Amino acid sequence: LLPTLDDASGGRDLALTVDGAGWHASLRPVQLEGAKPLYLITAIPDAELMSSAYALLRLCPVAYRMRYRQGMDLDWEIPVEGMEQDGAEGSGGADAGTLAHRILERWDFRSGSLAALLDPDAPGAPRELRPALDDASLRERMTLWMENLASSDFGKTLADLSARRELHREAPFRVALENGPILTGSIDLWYDDGDTLRVVDYKLTRIRNAPPVLYDRQLLFYGAALSRIFPGRTTDLRLYHIVEGVLGKPVRQSSQKDIEADLRNAALVAAEGPFTPADDAPCTVCPFSGACAEYAFARSGATGLSSS
């Protein structure tokens with residue numbers, strides 16, 4: 001709630017512009033007995049909302065606060081990559097995820113061209129990925145994963161689309177909704193098969209460890225953006241799990257109206273809180289659980305903190 005405004009609104013909604021802050025808000029008057037009206041922020045049209053921020057906020061507002069309000073570092077794959085106890089995935093951490101995405105952005109999905117993308121001495125090989133490229137074990141695993149993709153029906157479809165230059169990879173977008181927010185992000189892969197816009201988000205996360213809320217919300221965010229860019233088109237939203245070579249089932253979508261309403265709500269919560277723990281927060285797969293006071297309190301049986 002904002003402090004009382006000395007404006008005879010007559011109960012009408014007001015618009016507020018915050019000089020120098022780069023945003024404005026829609027306000028709704030809230031009348032308290034015996035007091036001047038307060039104004040509740042109901043929309044922030046100029047606010048930008050990123051896909052990763054939205055997904056993390058819906059995973060748990062506390063995790064969002066820690067990452068985006070307190071500035072704690074987070075690599076998107078950290079909950080799984082390089083942290084498996086059974087050693088099945090090996091190490092590699094965020095570099096492995098970055099390398100996989102770089103290959104999938106440039107590759108034609110044919111086995112014969114893969115080696116050049118994994119050559120640490122190839123022209124244009126990024127210096128920041130040199131440790132990953134120098135890791136013979138990681139290169140071997142990456143080769144296996146990519147060749148499994150190339151030999152699958154899905155991979156063959158991508159190879160054909162790539163040859164026809166009909167794949168959109170690492171596609172950036174910026175889409176403004178009425179009354180906000182502005183959706184920003186980048187889609188790993190999407191293509192138009194004539195009937196449907198098909199969106200694929202690559203994950204190095206093993207299926208058993210993939211937190212559904214985190215990844216499903218990210219896909220829904222992409223679907224909402226594409227539905228604005230291409231009104232009336234059907235979208236199909238899926239994860240591709242690189243390690244297992246599995247194309248996931250389509251994410252269940254509600255109406256565009258409901259999804260956009262949730263995006264607007266998320267933008268408000270991101271701006272002003274409250275950042276209280278989600279009732280069903282999957283703490284065991286949260287990238288911040290080791291540093292989260294709320295999780296520590298829950299494990300100890302004590303009463304959690306009130307985050308705002």
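Every heavy atom of this structure was used, including side-chain atoms; hydrogens, water molecules and symmetry mates were not. In this text the structure is predicted, and so the values were computed from the model without any measurement.
Heavy atoms of other residues, nucleotides or ligands lying less than 6.0 angstrom from CZ of R165 number 12 at most.
Judged as a side-chain hydrogen bond (donor to acceptor under 3.5 Å, both in side chains), and not counting sequence neighbours, R139 has no contacts. Considering only residues two or more places apart in sequence or on other chains, R174 meets the side-chain hydrogen bond (donor to acceptor under 3.5 Å, both in side chains) condition with E48. With sequence neighbours left out, E147 forms a side-chain hydrogen bond (donor to acceptor under 3.5 Å, both in side chains) with no residue at all. Every residue meeting the side-chain hydrogen bond (donor to acceptor under 3.5 Å, both in side chains) condition with D192, not counting sequence neighbours, appears here in chain and number order: R233. Every salt bridge (Lys or Arg N to Asp or Glu O under 4.0 Å) that R130 has, sequence neighbours left out, goes to D121, D134. Take D236 and apply the side chain to side chain contact (heavy atoms under 4.5 Å, CB included) test, not counting sequence neighbours, and it matches T196, R198, R238, P250. Residues satisfying the ring-ring contact (aromatic ring centres under 6.0 Å, His included) test with Y222, not counting sequence neighbours, are none. Residues passing the ring-ring contact (aromatic ring centres under 6.0 Å, His included) test with Y191: none are found, sequence neighbours excluded. Here D188 pairs with H101, E170, D201, Y202 under the side chain to side chain contact (heavy atoms under 4.5 Å, CB included) rule; sequence neighbours left out. The ring-ring contact (aromatic ring centres under 6.0 Å, His included) test applied to W190 returns H168, F230, not counting sequence neighbours.
Side-chain atoms of R110 and S162 form no donor-acceptor pair, as typed in the model, at a separation below 3.5 Å.
Rounded to the nearest 0.5 Å, atoms CZ (F173) and OG (S51) are 5.5 Å apart. Going from atom CG of L158 over to atom CZ of R169 covers 8.0 Å, rounded to the nearest 0.5 Å. From L99, atom CG reaches atom CG of L117 across 9.0 Å, with rounding to the nearest 0.5 Å. Between the OG1 atom of T143 and the CG atom of N148 there is a distance of 10.5 Å, given to the nearest 0.5 Å. Annotation: the span from L59 atom CG to S52 atom OG amounts to 12.5 Å, rounded to 0.5 Å. Here L118 contributes atom CG and I103 contributes atom CD1; the two are 4.0 Å apart, rounded to the nearest 0.5 Å.
Across every non-hydrogen atom of S111 and A150, the tightest pair is OG-CB, 4.0 Å. Closest approach of R106 to R102, counting heavy atoms only: NH1-CG, 3.0 Å. Closest approach of V62 and F275 over heavy atoms only: CG2-O, 3.4 Å. The nearest pair of heavy atoms linking Y64 to A270 is OH-CB, 3.2 Å. Between A267 and L49, the shortest heavy-atom contact is N-CD2, 4.4 Å. Summarising the geometry of C60 relative to P277, their closest heavy-atom pair is SG-CA, 4.0 Å, with the distance given to 0.1 Å.
R65 places no side-chain N or O within donor-acceptor distance of the main-chain N or O of Q70, the cut-off being under 3.5 Å. For S113 (side chain) and F109 (main-chain N/O), no donor-acceptor pair under 3.5 Å exists by modelled atom type. Here the side chain of R228 pairs no donor or acceptor atom with the backbone of L183 at under 3.5 angstrom. The main-chain N or O of L57 is never found under 3.5 Å from a side-chain atom of R217 such that the two would form a donor-acceptor pair.
The side-chain hydrogen bond (donor to acceptor under 3.5 Å, both in side chains) contacts involving residues 248-257 comprise T235-Q253, S255-D258, Q256-E260, where partners must be two or more places apart or lie in separate chains. Annotation: ring pair (Phe, Tyr, Trp, His ring centres under 6.0 Å) contacts involving residues 235-271, sequence neighbours excluded, comprise F154-Y240.
At a threshold of 4.5 Å between non-hydrogen side-chain atoms, the residues L167 and L189 count as touching. Residues L226 and I187 are in side-chain contact: their nearest non-hydrogen atoms beyond the backbone lie under 4.5 Å apart. The side-chain heavy atoms of L237 and L220, taken from C-beta on, include a pair separated by under 4.5 Å. Side-chain contact check for I242 versus L104: some heavy-atom pair is nearer than 4.5 Å. With contacts defined as side-chain heavy-atom distances shorter than 4.5 Å, the pair L56/L214 qualifies. Looking only at side-chain heavy atoms (C-beta outward), W107 and L149 come within less than 4.5 Å of each other.
Of the candidates R58, M50, K203, K203 is the only one forming a side-chain contact (heavy atoms from CB on, under 4.5 Å) with Q218.
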* Asked: Between D95 and L133, does a side chain to side chain contact (heavy atoms under 4.5 Å, CB included) hold up when you go through it step by step?
  -> CA-CA 9 Å; D95 283 350; L133 289 168; over 6 Å; no
